[in-house]
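Working notes for the structure below.
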Amino acid sequence: MAKLVFGMNQSLDGYVDHTEFAPSPTLFRHFIKEAERQAGSLYGRRIYEIMRYWDEDHPEWDADRRAFAAAWRKQPKWVVSRSLTAVGPNAALVEGDLEGAVHKLKAERDGEIEVAGPDLARSLTDLGLIDEYRIYLHPVVLGRGTPYFAGPRPPLRLMTSDRIGEDVIRLTYAPA
């Protein structure tokens with residue numbers, strides 16, 4: 001049975017914003033390894049549209065970006081959206097009963113399924129479906145933006161903490 005894992009980069013004040021801070025080369029290589037071993041990714045519409053960037057090669061990419069793109073393209077993706085009518089390669093729309101669809105995904109897969117997008121994570125948290133939360137804490141203060149937790153923070157229990165690179169701490173929590 002698969003495990004749902006919600007993990008994102010977060011500022012010290014609790015916000016996620018890919019345009020305000022980027023992963024270091026060390027953290028980016030960590031994300032490549034994560035993408036290579038994931039059983040798939042479950043996306044909200046907005047984050048999926050951002051991640052579609054990796055569907056096409058860009059001449060300025062270095063080896064790490066090409067490796068991430070290859071891993072991202074290879075893994076299955078499921079997109080939760082009420083407005084999209086089609087999705088890109090190796091992706092499927094999740095329509096209708098979110099809870100039933102996610103229970104089915106978890107039952108049919110082994111390994112970790114990444115959850116991407118705070119709004120989707122909130123819906124899945126409310127349904128009790130997220131098995132693990134990973135906060136990649138950066139020493140940045142944004143003062144605004146999209147919070148990591150789109151709703152009330154669920155009761156959590158710290159499982160592990162580890163340093164990745166020079167300045168990021170990964171905090172891993174399980175629902176309490």
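Note that these values count all heavy atoms, side chains included, but never hydrogens, waters or copies made by symmetry.
Among residues two or more places apart in sequence or in another chain, the side chain to side chain contact (heavy atoms under 4.5 Å, CB included) test is passed with L105 by L42, W78, I113. Applying the side chain to side chain contact (heavy atoms under 4.5 Å, CB included) rule to A67 yields the partners I32; only residues at least two apart in sequence or on another chain are considered. Remark: F28 engages F68 in a ring pair (Phe, Tyr, Trp, His ring centres under 6.0 Å) (not counting sequence neighbours). Every salt bridge (charged side-chain N to carboxylate O under 4.0 Å, His left out) that R29 has, sequence neighbours left out, goes to D64. The side chain to side chain contact (heavy atoms under 4.5 Å, CB included) test applied to R170 returns H30, E34, R134, Y136, D162, I164, T172, not counting sequence neighbours. Under the salt bridge (charged side-chain N to carboxylate O under 4.0 Å, His left out) criterion, K77 pairs with no residue, sequence neighbours left out. Scored by the salt bridge (charged side-chain N to carboxylate O under 4.0 Å, His left out) test, D167 finds no partners at all (sequence neighbours excluded).
Scanning both residues, V16 and P118, for their nearest heavy atoms gives CG2-CG, 3.8 Å. Here the closest non-hydrogen pair linking S41 and E114 is OG-OE1, 2.5 Å. Taking all atoms of both residues into account, the shortest heavy-atom contact from I50 to H18 is CD1-CE1, 3.5 Å. For the residue pair P23 and H138, the shortest heavy atom distance occurs at CA-CE1, 4.4 Å. The two residues R109 and P76 come nearest to each other via the heavy atoms NH1-CG, 3.8 Å. Nearest heavy atom pair, residue S123 against residue L98, reads CB-CD2, 4.1 Å.
Here the side chains of R122 and P152 are in contact, with some heavy-atom distance below 4.5 Å. Side-chain contact between F21 and S11 is present, with heavy atoms from C-beta onward closer than 4.5 Å. With a 4.5 Å cut-off on side-chain heavy atoms, F6 and L124 do not count as touching.
Considering CG of L137 and CG of N9, their distance stands at 10.0 Å, rounded to 0.5 Å. Separating the CZ atom in R163 from the OG1 atom in T26 is a distance of 10.0 Å, to the nearest 0.5 Å. One finds the CG atom of L171 at 6.0 Å from the OG atom of S161 (value rounded to the nearest 0.5 Å). Distance check, rounded to the nearest 0.5 Å: CZ of R82 to CG of L93 gives 12.5 Å. Annotation: the span from M51 atom CE to R46 atom CZ amounts to 15.5 Å, rounded to 0.5 Å. Interatomic distance, E49 CD to S83 OG, rounded to the nearest 0.5 Å: 7.0 Å.
With side-chain heavy atoms closer than 4.5 Å counting as contact, directly or through intermediates, M1 stands alone and belongs to no larger hydrophobic cluster. Through ILVMFWY side-chain contacts below 4.5 Å, V5 is grouped with nothing and stands alone. Cluster partners of M159 are absent, since no Ile, Leu, Val, Met, Phe, Trp or Tyr has side-chain heavy atoms less than 4.5 Å from it.
Taken together through direct or relayed side-chain contacts under 4.5 Å among Ile, Leu, Val, Met, Phe, Trp and Tyr, Y15 and V168 form parts of separate hydrophobic clusters. V140 and L12 sit in two unconnected hydrophobic clusters of ILVMFWY residues. Membership requires side-chain heavy atoms under 4.5 Å apart, directly or through other members. The cluster map of Ile, Leu, Val, Met, Phe, Trp and Tyr, joined by side-chain heavy atoms under 4.5 Å apart, puts Y173 and F149 in the same cluster. The cluster map of Ile, Leu, Val, Met, Phe, Trp and Tyr, joined by side-chain heavy atoms under 4.5 Å apart, puts L127 and V94 in the same cluster.
Applying the side-chain hydrogen bond (donor to acceptor under 3.5 Å, both in side chains) test to every pair with at least one member in residues 99-108, sequence neighbours left out, gives these pairs: K106-D131. Listed by first then second residue, pairs satisfying salt bridge (Lys or Arg N to Asp or Glu O under 4.0 Å) with a partner in residues 136-148 read E20-R144, not counting sequence neighbours.
Between R65 and D62 there is a salt bridge, since at least one side-chain N of the basic residue sits less than 4.0 Å from a carboxylate O of the acidic one.
Centroid-to-centroid, the aromatic rings of Y53 and W61 come within less than 6.0 Å.
Between the side chain of D13 and the main chain of G143, a donor-acceptor pair closer than 3.5 Å is present. Between the D17 side chain and the G145 main chain, no donor and acceptor come within less than 3.5 Å of each other. Listed for the H58 side chain is a donor-acceptor partner under 3.5 Å among the backbone atoms of E56. For the pair R45 (side chain) and V79 (backbone), a donor-acceptor distance under 3.5 Å is absent.
Side-chain contact of Q38 with Q75: a donor-acceptor pair under 3.5 Å is present, judged by distance alone. Using a 3.5 Å distance cut-off with no hydrogens or angles, the side chains of S81 and Y43 do not pair a donor with an acceptor.
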Might you work through the salt bridge (Lys or Arg N to Asp or Glu O under 4.0 Å) test for D55 and R52, ending with a clear yes or no? CA-CA 5 Å; D55 272 338; R52 290 289 314 268; 2.4 Å; yes
